[in-house]
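Start at 1 with the first residue, then count along the sequence. All values reported here derive from a predicted model rather than from experimental measurement.
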Amino acid sequence: MSRDHVQPAERSAADAGARLSSADAALSSAGAAPSSAEAPFLELLARGASADAYEQPVLLARAEGGAAERIVALEQAKLLALRVRSELEGRRRREAELSALFETAHDLAGLRDLDAVLQAIVQRARSLLGTDVAYLSLNDPARGDTYMRVTEGSVAARFQQLRLGMGEGLGGLVAQTARPYVTDDYFKDERFQHTLAIDSGVRDEGLVAILGVPLMLGHHVIGVLFAADRRARVFEREQIALLGSFAALAAAAIDTANLLTETRSALADLERANEIIRDRSGVIERASDVHDRLAELVLRGGGVHDVSAAVSEVLDGTVEFKEATAVPAGALEISRVEGHAVRHEDDWIAAVAAGGELLGALVLRGHPGLDPVDQRTLERAGMVTSLLLLARRSAAEAEQRVRGELLDDLLDARDRDPRLLRERAARLAADLDATHVVLAARLEATSADADQEAAARRRLWSAASHLAATRHGLAAARDGGTVLLLPLEASDTATDLARRAARHLGTAVHEAVTVGASAPVENLAAHPEAVAAAYEEGRRCLDALRLLGRSGDGAAAEDFGFVGLLLAGDRDIAGFVDRTIGKVVSYDDRRGTDLLRTLDAYFACGMSPARTKDELHVHVNTVAQRLERVGRLLGDDWQSPARALEIQLALRLHRLSTPAQR
């Protein structure tokens, strides 16, 4: 019978016809034809009356004083009718059971959600067996027990969370023996191993009669299906068999779900493998593409920026060549030492180095998830960049020699023709009419090996030449170090330029480089002798830095206070006075105050406010107020020994330079 094609009304008519036909057949088998005695019972069968209603025709005949033969006939007809009714009830029950099994099998055939199918099985088992509760447990091989998976009709939380060890309770025994077990009163049944946890859960649920059948996959038990009542009850063989049928369907559902899960997992693994293969294929194609592009660039003499552009296209990102000073030092050093691109935050950095010299780096911006093959592509691009830079350096060495020759001529004042000097500088993209600073640079580390020492000096000269070329300046090797002539930007000072040069050269040669700077010099084409004087000043600053223990730093004469007067070639007295006490001089000029005179008296009186007030003929509070103002202008440390010495020297030089105001 197909439940999809039989409508409810048609099914009711068919059931009624079946019941009448069954009644006629039962009466015929008893050897009696339908008569007035059977008629009332046929009517009861036709309308599906309850068993109690079959007593009514007999009672009515007796009440009316019917003949004994009729009453006997009615009794016989009643028994036959009850037998027919029982047969019909059995058939209806079996039809319902088969229908439920059919529906469950149909659900299983279209399995989408294992939990939904198991819930439907438990619900139908509870309905057909007419029990208060039905539930299903599954075995846990890892823990060696069985646990509740689905319940229907349960009200106790502890019962729904029960775990039964193998052999414990009725369910544990079923799971262990693979045989169905039934009890009409669980707590009185001594066949089962009672535990506190299980008995507490069953007691919370109020269960008495329990039937459990195993869920089998082949010869293995994977769980137990239960039906239970909260009152004593005897489960019939047909009910045990029915629950076993549901258990078989539940096991099939679980097996099907497991197979589907394994299939989906295998398909997912295959899909991931295909994705990896596709990705690897794409990466290999990109690597081949970048190899071809880089080879073409080298053959046609491309530049560093051409390499960056080609790699940017292949890696689908922004790749830039950066000077070593513009890249995080830690990541750059790791990349140089290990020879691999390294990640720094969201960027990748590949050092560009040759012969132990750091030339710069390729930086891939905003690409944190770089593929290993793409990482290798970036590293290969770094190698190609270093080769291009070396090739460019070879071509530039001649230019560097020319730059060195021009600077040597300026230092030695060999060529005094301004026009020729300007023409030679213009061919090197230098402008001798701009303001320049002369820098004296020297390596701090010395080596006992003469060859190593010479190699280190060559690296310094090479790095200085590169810096001069990129800054439109000049560089030459001299006096065991290097001298640079670099233009000074409007926003820069000689000190700033010296410190940047020290950092840049030190990073390039991987050693500490100390740089001394001259004061700014101008109009070098017309006054080439100024370059030699500025170089001597820069050397004195370099020597002062080393004597003061500031190796690896950069500074100009103005950074050394009054000592700078001895270092500076032009003895910039006015500049020293202005840097030291200029704020006090300006304050007196604007306000008409006497702070300078107070300072003079204060130092002359041994820095004693009491004697100073006598010298100035003012109140001691006035002296204190003036000194407080001086402190705000010169800084809190103005009375420290070093500062006090500089201030006294500046006061004396100021008096000497302004005799009329003394």
Completion exercise
Looking only at heavy atoms, the pair that brings A247 and P214 closest together is CB-O, 3.6 Å
Handout entry: Residue pair I349 / A331: nearest heavy atoms and the distance that separates them
Key = CD1-CB, 3.9 Å
Handout entry: Intermediate values then yes/no, salt bridge (charged side-chain N to carboxylate O under 4.0 Å, His left out), E333 and R336
Key = CA-CA 5 Å; E333 180 63 16; R336 184 190 71 82; 2.8 Å; yes
Practice task
Determine whether I222 and M216 make a side-chain contact, defined as any pair of heavy atoms from C-beta on separated by less than 4.5 Å.
Solution key: no
Practice task
Drop me the distance from I210's CD1 to T131's OG1, to the nearest 0.5 angstrom.
Solution key: 11.0 Å
Exercise for the section: Check whether more than 12 heavy atoms from other residues, nucleotides or ligands sit under 6.0 Å from atom CZ of R191, and answer yes or no. Expected result: yes
Completion exercise
Output for pair (D204 CG, R158 CZ), nearest 0.5 Å, gives 4.0 Å
Practice task
List the steps, then state whether side-chain contact (heavy atoms from CB on, under 4.5 Å) holds for H344 with V327.
Solution key: CA-CA 10 Å; H344 178 73; V327 181; over 6 Å; no
Practice task
Give a yes or no on whether the backbone of A341 and the side-chain of E379 come within a donor-acceptor separation of less than 3.5 Å.
Solution key: yes
Practice task
Could you tell me whether the side chain of D229 and the main chain of R231 form a donor-acceptor pair under 3.5 Å?
Solution key: no
Fill in the blank from the handout: When every non-hydrogen atom of E345 is compared with those of R343, the smallest separation belongs to O-NE, 2.8 Å
Handout entry: Whether over 12 other heavy atoms sit under 6.0 Å from N274 CG
Key = yes
Handout entry: Polar side-chain atom of S335 near backbone of H340 as donor-acceptor pair, under 3.5 Å
Key = yes
Exercise for the section: May I ask you to test the V342-L332 pair for a side-chain heavy-atom distance under 4.5 Å? Expected result: no
Problem - Heavy-atom side-chain proximity of Q176 to Q193 below 4.5 angstrom - result: no
Practice task
Kindly give the heavy-atom pair with the smallest separation between G552 and A502, and that separation in Å.
Solution key: O-CB, 4.0 Å
Problem - Any donor-acceptor N or O pair under 3.5 Å, side chains S137, T146 - result: yes
Practice task
Carefully, step by step, assess V155 and E205 under the rule side-chain contact (heavy atoms from CB on, under 4.5 Å).
Solution key: CA-CA 6 Å; V155 295; E205 194 63 54; 3.3 Å; yes
Fill in the blank from the handout: Value for CZ (R503) from OG1 (T507), rounded to nearest 0.5 Å, stands at 8.5 Å
Handout entry: Heavy-atom side-chain proximity of F226 to L170 below 4.5 angstrom
Key = yes
Problem - Residue pair Q239, R233: steps toward the side-chain contact (heavy atoms from CB on, under 4.5 Å) verdict - result: CA-CA 12 Å; Q239 293 173 325; R233 168 178 176 171; 2.9 Å; yes
Handout entry: Contact check, side chains of T151 and V122, non-hydrogen atoms, under 4.5 Å
Key = no
Practice task
Check for a donor-acceptor pair, side chain of S127 on one end and backbone N or O of Q123 on the other, with a separation under 3.5 Å.
Solution key: no
Handout entry: Pairwise distance CG(L164) to CG(D145) - rounded to 0.5 angstrom
Key = 8.0 Å
Exercise for the section: Enter the distance from Q119:CD to R124:CZ here, rounded to the nearest 0.5 Å. Expected result: 11.0 Å
Exercise for the section: Taking ring pair (Phe, Tyr, Trp, His ring centres under 6.0 Å) as the test, write out the residues that go with Y181, two or more places apart. Expected result: none
Practice task
Go through N139 and M166 one step at a time and tell me if the side-chain contact (heavy atoms from CB on, under 4.5 Å) criterion holds.
Solution key: CA-CA 9 Å; N139 289 2; M166 292 300 176; 3.5 Å; yes
Completion exercise
What one should report as the nearest heavy-atom pair of L358 and A351 is CD1-CB, 4.0 Å
Exercise for the section: Kindly indicate whether the side chain of L211, heavy atoms from C-beta on, has any atom under 4.5 Å from the side chain of L129. Expected result: yes
Problem - Heavy atoms from other residues, nucleotides or ligands near CZ of R179 exceed 12 (cutoff 6.0 Å) - result: no
Exercise for the section: Evaluate the side-chain proximity of Q160 to M148: yes if any heavy-atom separation is below 4.5 Å, no if none is. Expected result: no
Fill in the blank from the handout: To the nearest 0.5 Å, atom CG of L138 lies from atom CZ of R149 at 5.5 Å
Exercise for the section: Find out whether V133 and R126 are in side-chain contact, i.e. whether some heavy atom of one side chain is under 4.5 Å from a heavy atom of the other. Expected result: no
Practice task
Output all residues satisfying ring pair (Phe, Tyr, Trp, His ring centres under 6.0 Å) with H220, sequence neighbours left out; order by chain, then residue number.
Solution key: none
Exercise for the section: Could you pull out the closest heavy-atom pair between L215 and A250, with the gap in Å? Expected result: CD2-CB, 3.9 Å
